[in-house]
K.L.:
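Below: one structure in structure tokens.
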Amino acid sequence: MTDNPFIKKAGLPMLGAVIGAVAGYVYWYYWGCEEGCTIRSFWWRMSLWGGLMGGLLFSLLQDGFTKRKKESD
């Protein structure tokens, strides 16, 4: 692994944000709407939304992993 404290703390949420942004773009490309939708009508809005959701989800997962690791120590 790495000894960088920033990567240890924020690496998984940043990875989740990137994965979420790509997933948001793919969702917009295949299922986005042309008009009348607030988020799904523009690719960049859907990518930002996906990145936010991915970062939050992976942050929750990281918290769960660190709690489990502390309990086992």
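Worth knowing before you read on, the calculation uses all heavy atoms, side chains too, and leaves out hydrogens, waters and symmetry mates.
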K.L.:
Is it the case that one hydrophobic cluster holds both Phe65 and Ile19, taking links as side-chain heavy atoms less than 4.5 Å apart, direct or via other members?
P.N.:
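Result: yes, single cluster for both.
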
K.L.:
Can you list everything that forms a side-chain contact (heavy atoms from CB on, under 4.5 Å) with Tyr30? Sequence neighbours excluded, please.
P.N.:
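In terms of side-chain contact (heavy atoms from CB on, under 4.5 Å), with neighbours along the sequence ignored, Tyr30 is linked to Val26.
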
K.L.:
Enumerate donor-acceptor pairs with a distance under 3.5 Å from any side-chain N or O in residues 42-63 to protein atoms, sequence neighbours excluded.
P.N.:
unit_1 : atom_1 : unit_2 : atom_2 : d
Arg45  : NH1    : Thr38  : O      : 2.8
Ser47  : OG     : Trp43  : O      : 3.0
Gln62  : NE2    : Lys8   : O      : 2.9
Gln62  : NE2    : Lys9   : O      : 3.1

K.L.:
What distance do Leu12 atom CG and Thr66 atom OG1 have between them, rounded to the nearest 0.5 Å?
P.N.:
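Answer for the CG-OG1 pair, Leu12 versus Thr66, is 10.0 Å.
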
K.L.:
Under the ring-ring contact (aromatic ring centres under 6.0 Å, His included) rule, collect the residues that match up with Tyr27, sequence neighbours excluded.
P.N.:
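Testing Tyr27 for ring-ring contact (aromatic ring centres under 6.0 Å, His included), a comparison that skips the adjacent residues, returns Trp31.
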
